[in-house]
Every structure is written in structure tokens, then in C-alpha cells.
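Numbers restart at 1 for each chain; the letters A, B, ... are given by sequence-line order, proteins then strands.
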Amino acid sequence: MSLDAVQLHLIDSIDSAFEFKRWLGERHNGYQLVDGVELLGLDSETTGLDTRNDRLRLVQIGDADTGWAIPWERWGGVAEEALTQWGGGWVLHNATFDESFFAREGINLRRDRLVDTRPMAHVLDPTYSTALKNLAAKHVDPRAKALQDDLDDAINSRGGWTWATVPITFQKYWSYGALDPVITMRLLQQLAPKMDADGSWKAYELENTVQWVIRAMSHRGAHVDREYARQKSIAFSRYCVDVEQWVREHYDLGAGSDVAIIEYLKSEGYEFTKRTKSGARYALDSEVLEAIDHPLAKAVLSRRQLLKVTSTYLSHIVEEADADDLMHPDINPLGARTSRMSMSKPNLQNLPRVSENKPHATVVRNCYTTRYGEDGVMVFSDFDQIEMRGLAHMSGDEGMLQAFVSEGDFFVNLARQVFRDDTIIKKDPRRQITKNVGYGKIYGAGIAKLALTAGISHEQAAAAMHAFDASFPGVRAFQNRVQRIALERKTSEGVGYVRSPLTHRRHPSDSGKEYALVNYLVQGLAAEMFKMKILELDAAGLGDFMVLPVHDEIIMDVPKDNLRDVIGTLQKVMNDDQLLSIPVTAGLAVGSRWGEKQDYDDAMVA
DNA sequence: GTCGCTTGCCAC
DNA sequence: AAACGTGGCAAGCGAC
């Protein structure tokens, strides 16, 4: 499909504004939803990517043949009238982005009439880029990417133009802008029949709905104790500098120069065997360093830990929290191929977890607090063993299902079956081994990897794996079934894939790694259930409190006056015995700081 | 100076 | 027969 015959217009006069209005009332080469609602393409250009602070510059509207660019400052009235008066719906690519800017201008589009090609594309192929230019190149016209790159070059090369300063009348700027709703419309025309054929609308609906709740979380922000972060950051940085100086003085080495440090330690008689992933050199990771009894190794290791904490987790807070001490991470509702979300700038899904002998982890998490001071509390609710439940559900294995239905700790129940010993209790090492095997199943680990992660011998690992398979034959059968189906489809349809039981979402395999599909199914099922629960929590009135999604845990910032209600709603929504063939349950915790969270029941007693 | 790659490391 | 999955990010370093 070529973009040759497209007509692009800039509204820069009364006449052109009237022309646009006339066009809006005519028949379009657009797209009709099943209910007869007609869609037009919609896009915007802004001063930048910050949906809370950047401004609208251009509004673009079009169908499959015609695109209009409407300068917001001069002709905003024309755009506003079209956006509010148009009786149909709109198709956008990454709808929450543009909608943020419209909403800030007081223009509220009907959410139920917004169609988004980005989640559509992800659902159809979760391994491909969801950038409009790449999708356009693949589905619409290969030249679309070149045009976009051409514009990027033009803006960057012209004496310091930016997206905020490039003149609206610069032809490439407005015309490529006007082209985008056209491309989006054509993308929809290509993808919609595929959605029908693939049965992908249910997965799409989930994504298209949840993205609004996710964006609201980002905008709401996570509150930080900036001064606390600053103090800790200074102290940790000072420590790192001290260590660097000490290493320089005593060894004439850079504390971060791994290659030089390896050379020195070798000259001191220490042996290295572990190699890096590429095999290019010896590894000097934490495992290696911990095994070396030398003051230099200890210094390098401790500096690394503190540097990581300071540069990755504390510096962002000090430098990027807004005037209200709120952090607003970018949350990508479709960050991973499995439909898990990802987060960046900063990624609050990977803050160090609190445990013994990790005081710095507590420091990092304690930077995150309630915004309501004494009158508020952070509330946490996370699914219990959600991936294991997904595996039990999808495999239908009787023993695994039973372990969830029976009283007591799930992994104890599991271990008792694996080792045929009903005396096993929580602290029995066999519980941990069973847990490792279980998660190994989910990740697709082999015996060697299991031995490594569980810290047991190859023989023990093989025996444990064998015992697990014997106790839960349904799991092994499920693994085999998934691979067989994928390979059959690879032969008959050209691509190997399996589908999520809840939404019929497609999980394609990388050729030769069909075993990983079990992981995609398990991880994807958990992600879908989490998204469904986020929608339910929002519908139940908790939308004002949700702050962060962390894979299987929702984090909220709640005024104490609302605590009882919030807890009640969480218990009602997060515990669900309808979703799977076994109940889905969730824990509850509270704390005035993230690092101080404790079980809700314990907190109530205290 | 910036860019891309490798290495290492944080989470679920 | 054998195969641990999904992410984001910073430092170091060589290349341009």
C-alpha cells in the first residue's frame, strides 16, 4: 500500500479552515467500527515527550487519503471544534500520549470511542516494535520510516531546532505531521482484519482499557522523601570516593577497572575460572568477588553496591522529583512480549528488596513515602504465588492443584508430595529445593541451572527434578503439550505459538526455544490477571490511590480516613475464586514508608 | 565529546 | 537431548 496519492494540508488561513470543515462533513476513506461508528485518524505534535509539562503544537486529523495539520496556538479553535463536534470516534497510535495533551487543554474525548493501533499491534505480534514508523514500514509503506527519519534529521541538523522550536510552517514538520493520522488510519485498515482473523479483540480490549488507569498512576506520581534521599546519597557517594582513593593509593588501580583488578589479583596468586557471558574474559562479578579473601576484593565489592544504590536509585530522586516531591515514572503497559508492564525513568519495579544484611535496600525503599504525611499510609497488595497458580491451572495437575486447596503453606504441601514425607515443615531445606524446581519449571531451567540456583549438586538436582515430575506428571505433560503445539503450528502456519487461556492472546516462540513458551504463558497469564484486577480496583473506586504496579503487587498511597474502605475493597477484588480453577489470593501490607511495610494484620495488632 | 557494546546487577 | 523467562539502567571502554 503506497502513500503516493495522499493529500496533505496545513491550516493557515480562514479559507483552509473552511476547507477542512467541509472535508470533515464529507464521506471519508476511514474505518467503521462494528457498531457503525466512523473513525478518523488523530495525532498531535508537542514540544516534547513529557505528558505533564510539554505543550501541544499541532493537531492532525485525517483519513486514509487526506491529512490536515492544525497549528494549536493560532487555529486551536478549529481543532477543538473538530475534536468535540465530530460524531464518530478516533483512531490514534499510543492514545494515552496524545490524550494527555488534549485533556490538559480541557478537551475530553470519549474514551469508549478511541481506538489505539499500538496495543493492537502488540497483541498481534508482541515481539515486534510498537513504534508507529516501524509498524508503518511493515504494514503500510516501507518509505514511511525513511520519511520519519528524514524529519528527525531535518530538525536536528538545522541550527539547533528541537521539537519545541522547529517552525510550524517548516514544510517537512507540518506535512509529516499531517501524514501521521493517515498512516495510523491505514495501519488500522491493515490490522483490523488480522484482529478479526486472529480472535485478538479480547486481549486488545484489556490493554486498551487498562492503559488509562496506568497513565493515571504515572501522573499521580510516587511521593518521595527528597531530603532523606539527598542525605543518604551524599553519604554513600563519599564512601565510594574514599574507597576509590584507598584503592588508588594502595594498588595504583581504578576501583571500577575490572580488567586491571583481575590482573592484579592474579599476580597475587588468586585463580580465576568463571568467564563472562561472551567468554571474552574472566568474570569479576559479585559471586567471584565474594569468594576472594583479599582487602581489594572487599573494597571493590562494597563500592559497587553503594555506587549502584546511589547512581541507580537515589540520584533520580534528588534530581527528578517534581515540586511536590513526586516521581512520575514512564510506565509502559506493554513493555514485555508477555504483556507484562515495564517502567523507566526511573524503574520503580526493581528497587532492591529489603532483607537481612542489606541495609542500603531499606534506605532506597524508605525514600518512598505517603504524600499525606501523618494522615496517610502506603498500602500494598500482592498476589500469593500467582505464577505457580497459573502453572497449576494451565497444567491441570491434580497434585499441584491440591497443594493450593489444602491447608497450610503451598510449598510445604508441594514438598511433602515430592519427597513423600508428611513431616516436612517450613524450615526444611527440601521445601526450598521444591520451590526452586517449581520456579525452574516456570523459567524453563534445566538440571544444570537448577543445581546452580538451588546450590545443590548436579545429582541432587536431577533427583529433585525427577521426583517433581513423578509427583506432578501433569506439569511435565503440559510442558510437552506446549512444545508440541508450537512445533506443529510452526510447520503448518510458519510460526510457532500458543495462546493465553484468559484472552486468547498469542505468544509466539523464538525458533528453537519453544520451551520458553511455558514461561510466556505463565508470566503472561499473571500479567493479564493483574491488569484485570487493576481495572476492577479502578472501577471499585480506588483509582485515586493507585500509584505503582509491580508485576503482581499494586502499591497505593491512601489517606488514613479511607484506609478501612480501601482494605475492604482490596480484599474483595484481589481475592478471587472464579478466575482460575483454584482460588487466587493476595496479601495486604501497610507502612508509612515502602521499606517499613508490614503485614496488615500485624500492623493492626501493633 | 558522543555512540555502541559489554559487563554487571536490581526486580518479579 | 537439552534449554531458566521478562525487563531497566549505570559504568567502563574503545571507536568514531
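- We find that CG of A/L548 is positioned 16 Å from P of B/dA11, with the value rounded to whole Å.
- Outside the 6.0 Å centre-distance limit, the rings of A/Y368 and A/H223 are not counted as a close aromatic pair.
- Going from atom CD1 of A/I214 over to atom P of C/dG7 covers 17 Å, rounded to whole Å.
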Would you list the protein and nucleotides 1-4 of chain B atom pairs, both N or O, that sit under 3.5 Å from each other?
none

Enumerate donor-acceptor pairs with a distance under 3.5 Å from any side-chain N or O in residues 545-553 of chain A to protein atoms, sequence neighbours excluded.
from   : atom 1 : to     : atom 2 : distance (Å)
A/E553 : OE2    : A/K597 : NZ     : 2.7

Between protein and nucleic acid, restricted to nucleotides 14-16 of chain C and to nitrogen or oxygen atoms under 3.5 Å apart, what atom pairs and distances do you find?
none

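- Looking only at distances, a side-chain donor or acceptor of A/R593 sits under 3.5 Å from a matching main-chain atom of A/N366.
- Rounded to whole angstrom, the span from the CG atom of A/D384 across to the P atom of B/dC12 amounts to 14 Å.
- Scanning residues 237-250 of chain A for heavy-atom distances under 4.0 Å to DNA chain B yields an empty list.
- For A/Q231, the side chain to side chain donor-acceptor pair (under 3.5 Å) partners are A/E227, not counting sequence neighbours.
- Among the nucleotides B/dA11, C/dT6, B/dG8, the one closest to any side-chain atom of A/R353 is B/dA11.
- The backbone N or O of A/T310 sits nowhere less than 3.5 Å from a side-chain atom of A/H360 that would complete a donor-acceptor pair.
- With salt bridges taken as basic N to acidic carboxylate O contacts below 4.0 Å, none links A/R506 and A/D125.
- Atoms CD1 (A/I555) and P (B/dA11) sit 14 Å apart, rounded to a whole Å.
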Any N/O pairs under 3.5 Å between the protein and nucleotides 1-5 of chain C? List them or say none.
from  : atom 1 : to     : atom 2 : distance (Å)
C/dA3 : N1     : A/Q483 : NE2    : 3.3
C/dG5 : OP1    : A/K513 : NZ     : 3.2
C/dG5 : OP1    : A/Y515 : OH     : 2.9
C/dG5 : N2     : A/R340 : NH1    : 3.3
C/dG5 : N2     : A/R340 : NH2    : 3.4
C/dG5 : N2     : A/Q523 : NE2    : 3.3
C/dG5 : N3     : A/Q523 : NE2    : 3.4

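- Salt-bridge check for A/D50 with A/R52: passed, with a basic side-chain N closer than 4.0 Å to an acidic carboxylate O.
- Within the 4.0 angstrom heavy-atom criterion, only backbone atoms of the sugar-phosphate kind lie near A/L351; the bases stay farther away.
- Under the salt bridge (charged side-chain N to carboxylate O under 4.0 Å, His left out) criterion, A/K533 pairs with A/E536, A/D576, sequence neighbours left out.
- Rounded to a whole Å, the CZ atom of A/R275 is 16 Å from the C1' atom of B/dG8.
- Across all strands, A/A280 comes closer than 4.0 Å only to sugar-phosphate atoms, never to a base (heavy-atom distances).
- At least one side-chain nitrogen or oxygen of A/K358 sits closer than 4.0 Å to the OP1 or OP2 atom of B/dA11.
- Between B/dG8 and A/R281, a contact under 4.0 Å exists linking OP1 or OP2 to a side-chain N or O.
- A heavy atom closer than 4.0 Å to some atom of DNA chain B occurs in A/L284, A/D285, A/S286, these being the qualifying members of residues 284-294 of chain A.
- Between A/Y439 and A/Y443, the two ring planes are tilted [angle within 30° to 60°].
- With hydrogens and angles left out, the side-chain atoms of A/R118 and A/T130 include a donor and acceptor closer than 3.5 Å.
- Taking atom NE2 of residue A/H551 and atom P of nucleotide C/dG7, one finds them 10 Å apart after rounding to whole Å.
- Here A/T51 pairs with A/H219 under the side chain to side chain donor-acceptor pair (under 3.5 Å) rule; sequence neighbours left out.
- Using modelled atom types, one finds a donor on one side chain and an acceptor on the other under 3.5 Å when comparing A/D557 with A/T370.
- Between A/F272 and A/Y282, the angle of the ring planes lies from 30° to 60°, which puts this pair in the tilted group.
- If you take CD on A/Q523 and CD on A/E387, they are separated by 6.0 Å, rounding to the nearest 0.5 Å.
- The aromatic rings of A/Y251 and A/Y264 sit perpendicular to each other, their planes meeting at more than 60°, with 30° as the lower class boundary.
- Within the 4.0 angstrom heavy-atom criterion, no nucleotide atom of any strand lies near A/A527.
- Taking atom C1' in both B/dC12 and C/dC4, the straight-line distance is 14 Å, to the nearest Å.
- Every side chain to side chain donor-acceptor pair (under 3.5 Å) that A/Y497 has, sequence neighbours left out, goes to A/E493.
- A salt bridge links A/R484 with A/E488: the closest approach of a Lys/Arg side-chain nitrogen to an acidic carboxylate oxygen falls below 4.0 angstrom.
- Every pair passing side-chain hydrogen bond (donor to acceptor under 3.5 Å, both in side chains) that includes a residue from residues 388-397 of chain A is listed here, sequence neighbours excluded: A/Q385-A/R389, A/R389-A/T585, A/H393-A/S581.
- Counting only heavy atoms from C-beta outward, the side chains of A/D293 and A/K298 approach each other to under 4.5 Å.
- The distance from atom CE of A/M388 to atom C1' of B/dC12 is 13 Å, rounded to the nearest whole Å.
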Under-3.5 Å N/O pairs linking protein and nucleotides 8-12 of chain C:
from   : atom 1 : to     : atom 2 : distance (Å)
C/dG8  : OP1    : A/S342 : OG     : 3.3
C/dG8  : O4'    : A/N347 : ND2    : 3.1
C/dC9  : OP1    : A/K345 : N      : 2.5
C/dA10 : OP1    : A/H316 : NE2    : 2.9
C/dA10 : O3'    : A/S311 : OG     : 3.4
C/dG12 : OP1    : A/R303 : NH2    : 3.4

